[in-house]
Amino acid sequence: MNRPVLLVVAHGSRDPRHAATVHALVRRARSLRPGLRVETAFLDFNLPSVTGALEGLAAEGIRDVVALPLLLTRAFHAKADIPAVLRQAPASLRIRQAEVLGPSPLLVSAVERRLYEAGLGPADKSATGVVLASAGSSDPEAIAAIAETARELRRTGWCSVRPAFASASLPRTEDAVRALRADGVRRVAVAPYVIAPGRLPDRIAAGAARADVLADVLGPSPELARLMVERYDEARIDTALVAAG
C-alpha cells in the first residue's frame, strides 16, 4: 500500500534564512524515513504555496496526503488558517491534518541541545536560569503549552525557567532576563523556542542582550525531525479527513 505524501506546512517569511532552515529540517526528516515522499509548502511569503503544492500533487495522481503544520503550538494558524486552505484542495485528495509539534519531550531535548551547543553543560544547570522565549500568541491554549514546556524544562534540573514572548503576550525576553537577575540567578541563558530565524527570533535575540548565553533557534535538530515523523505516523492512523470545500 502506498504511503501518504507528507506535506510540511511552514509559516513562511520574507527573511531568506527562514525557508533555508525549513528546507534543512525537511531534508533531515526525509532522511529518517527512506521512501517516504516529503514535500514543503508555505502559508505566506514563500513558494510553493499550500494550494499550489496540493494542486501539483493532485495533478500527479496522488490521492493521500498528511499535512503537517510546522508549528510548536496549536494557535490560530493550526486552528483556522491551515484547515481553511486544506479545504480548498482538489476533491481527489484525501487529506489528514497532523497535530502540531508541541508540546513534546523531544522539544525539551531540542532546547537543551541548543543550550549545550551555546556553551553550557549539565553541570551548569543548578546555577543557570533559562528564559524560554517563543514568538508569542494571544491564544490561551498556545500560552499554556509554552508554560508546560517551561515546566518540563525546569524539571530537567535548571535552577529556574521563565517563559517569554516576542509578541502578543508578556513578558518580553528582556523582562524575563531582568526578573531572573532580580531573583539572584547567577547565570541567565535565553533559549529561543522557535523553529527558524526571522523577525521575531531577531527580536528575541535583541532582548537577550543582558543575558549570559543566547542559544540558537531549534532549526534542523534531530529531535524536531524525529517529531515530524512521529506526527506523520499518528496522523496516518487517524480516520478524520479534512472535508473538501
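All values reported here derive from a predicted model rather than from experimental measurement.
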S.K.: Show every side chain to side chain donor-acceptor pair (under 3.5 Å) that has at least one partner inside residues 203-212, sequence neighbours left out.
M.R.: Arg181-Asp212

S.K.: So, for Leu25 and Ala225, which heavy atoms are closest and what is the spacing to 0.1 Å?
M.R.: CD1-N, 3.8 Å

S.K.: Are side-chain heavy atoms of Leu170 and Arg172 found at a separation under 4.5 Å?
M.R.: yes

S.K.: Could you tell me whether a side-chain N or O of Gln97 sits under 3.5 Å from a main-chain N or O of Ala78, the two making a donor and an acceptor?
M.R.: yes

S.K.: Are Glu148 and Arg151 within salt-bridge range, i.e. N to O under 4.0 Å?
M.R.: no

S.K.: Ala235 and Val66: which non-hydrogen atoms are nearest, and at how many Å?
M.R.: CB-CG1, 3.7 Å

S.K.: For the atom pair CG (Leu72) and CG (Leu218), what is the distance rounded to the nearest 0.5 Å?
M.R.: 6.0 Å

S.K.: Evaluate the criterion side-chain contact (heavy atoms from CB on, under 4.5 Å) for residue pair Asp81 and Phe76; output intermediate values, then yes/no.
M.R.: CA-CA 7 Å; Asp81 287 347; Phe76 187 79; 3.1 Å; yes

S.K.: Check this for me, if you would: do Glu230 and Arg226 make a salt bridge, where the nitrogen-to-carboxylate-oxygen distance has to be below 4.0 angstrom?
M.R.: yes

S.K.: From Met228 CE over to Leu6 CG, what is the distance, rounded to the nearest 0.5 angstrom?
M.R.: 6.0 Å

S.K.: Quick check: is Val213 connected to Val161 through a chain of hydrophobic side chains (ILVMFWY, heavy atoms under 4.5 Å apart)?
M.R.: yes

S.K.: How about Leu54 and Leu7: do any of their side-chain heavy atoms sit closer than 4.5 Å?
M.R.: yes

S.K.: Would you call Arg178 and Asp183 a salt bridge, taking side-chain N to carboxylate O under 4.0 Å as the test?
M.R.: no

S.K.: List the steps, then state whether side-chain contact (heavy atoms from CB on, under 4.5 Å) holds for Thr128 with Arg186.
M.R.: CA-CA 6 Å; Thr128 304; Arg186 188 184 316 167; over 6 Å; no

S.K.: Quick one: closest heavy-atom pair of Gly102 and Leu107, and the distance?
M.R.: CA-CD1, 3.4 Å

S.K.: Please evaluate residues Val111 and Leu132 with respect to the criterion side-chain contact (heavy atoms from CB on, under 4.5 Å), reporting the C-alpha separation (whole Å), side-chain torsions for both, the decisive distance (0.1 Å), and the verdict.
M.R.: CA-CA 9 Å; Val111 169; Leu132 186 70; 4.1 Å; yes

S.K.: Rounded at 0.5 Å granularity, tell me how far CD1 in Ile195 sits from CG in Leu71.
M.R.: 6.5 Å

S.K.: If I compare all heavy atoms of Leu36 with all of Pro4, which pair ends up nearest, and what's the gap?
M.R.: CD1-O, 3.5 Å

S.K.: For Val9 and Leu70: C-alpha separation, side-chain torsions, deciding distance, then whether side-chain contact (heavy atoms from CB on, under 4.5 Å) applies.
M.R.: CA-CA 6 Å; Val9 180; Leu70 197 64; over 6 Å; no

S.K.: Taking Arg231 for its side chain and Leu101 for its backbone only, find out whether a donor-acceptor pair lies under 3.5 Å.
M.R.: yes

S.K.: Which pairs with one or both residues in residues 104-122 pass salt bridge (Lys or Arg N to Asp or Glu O under 4.0 Å), sequence neighbours excluded?
M.R.: Glu112-Lys125, Arg113-Glu223, Arg114-Glu117

S.K.: Going by the salt bridge (Lys or Arg N to Asp or Glu O under 4.0 Å) test, name the single residue among Arg37, Arg236, Arg94, Arg3 that passes it with Asp64.
M.R.: Arg94

S.K.: Side-chain heavy atoms under 4.5 angstrom apart, residues restricted to Ile, Leu, Val, Met, Phe, Trp, Tyr: same cluster for Val131 and Trp158?
M.R.: no

S.K.: What side-chain donor-acceptor pairs closer than 3.5 Å can you find for residues 13-20, not counting sequence neighbours?
M.R.:
residue, atom, partner, partner atom, Å
Ser13, OG, Asp15, N, 3.0
Asp15, OD1, Arg17, N, 2.9
Asp15, OD1, Arg17, NE, 3.0
Asp15, OD2, Arg17, NE, 3.0
Asp15, OD2, Arg17, NH2, 2.6
Arg17, NH2, Asp202, OD1, 3.2
Arg17, NH2, Asp202, OD2, 3.0
His18, NE2, Gly12, N, 3.1

S.K.: Measure the CG-OH distance between Leu153 and Tyr193 for me, rounded to the nearest 0.5 Å.
M.R.: 10.0 Å

S.K.: I need the minimum non-hydrogen distance between Asp216 and Pro192, along with the two atoms involved.
M.R.: O-CD, 3.8 Å

S.K.: Which pairs with one or both residues in residues 20-34 pass side chain to side chain donor-acceptor pair (under 3.5 Å), sequence neighbours excluded?
M.R.: Arg33-Asp233

S.K.: Once you round to the nearest 0.5 Å, how far does CD1 of Ile143 lie from OG1 of Thr73?
M.R.: 9.0 Å

S.K.: With distance as the sole test, does Thr149 use its side chain to make a donor-acceptor pair with the main-chain N or O of Ala145 at under 3.5 Å?
M.R.: yes

S.K.: Is the side chain of Thr173 donor-acceptor paired with the backbone N or O of Val190 at a distance under 3.5 Å, no angle test?
M.R.: no

S.K.: Closer than 3.5 angstrom, by distance alone: can the side chain of Arg154 be matched with the main-chain N or O of Cys159 as a donor-acceptor pair?
M.R.: yes

S.K.: What pairs meet the side chain to side chain donor-acceptor pair (under 3.5 Å) rule with one or both residues in residues 131-142, with sequence neighbours excluded?
M.R.: Arg74-Glu141, Lys79-Asp139, Lys79-Glu141

S.K.: Between Leu214 and Val217, is there shared hydrophobic-cluster membership here, with clusters defined by ILVMFWY side-chain heavy atoms closer than 4.5 Å?
M.R.: yes

S.K.: For the CG atom of Asp44 and the OG atom of Ser49, what is their distance to the nearest 0.5 Å?
M.R.: 10.0 Å

S.K.: Please find the pair of heavy atoms, one from Pro163 and one from Pro171, that lie closest to each other, and give the distance.
M.R.: O-CG, 3.6 Å

S.K.: Among residues at least two apart in sequence or on other chains, which ones pass side-chain hydrogen bond (donor to acceptor under 3.5 Å, both in side chains) with His11?
M.R.: His77

S.K.: Let me check something: do Tyr232 and Val26 share a hydrophobic cluster, defined by ILVMFWY side-chain heavy atoms less than 4.5 Å apart, either directly or through other members?
M.R.: yes

S.K.: Mind checking whether Glu55 and Pro90 have side chains closer than 4.5 Å, heavy atoms only?
M.R.: yes

S.K.: Do you reckon Phe42 sits in the same ILVMFWY cluster as Val50, going by side-chain contacts under 4.5 Å, direct or chained?
M.R.: no

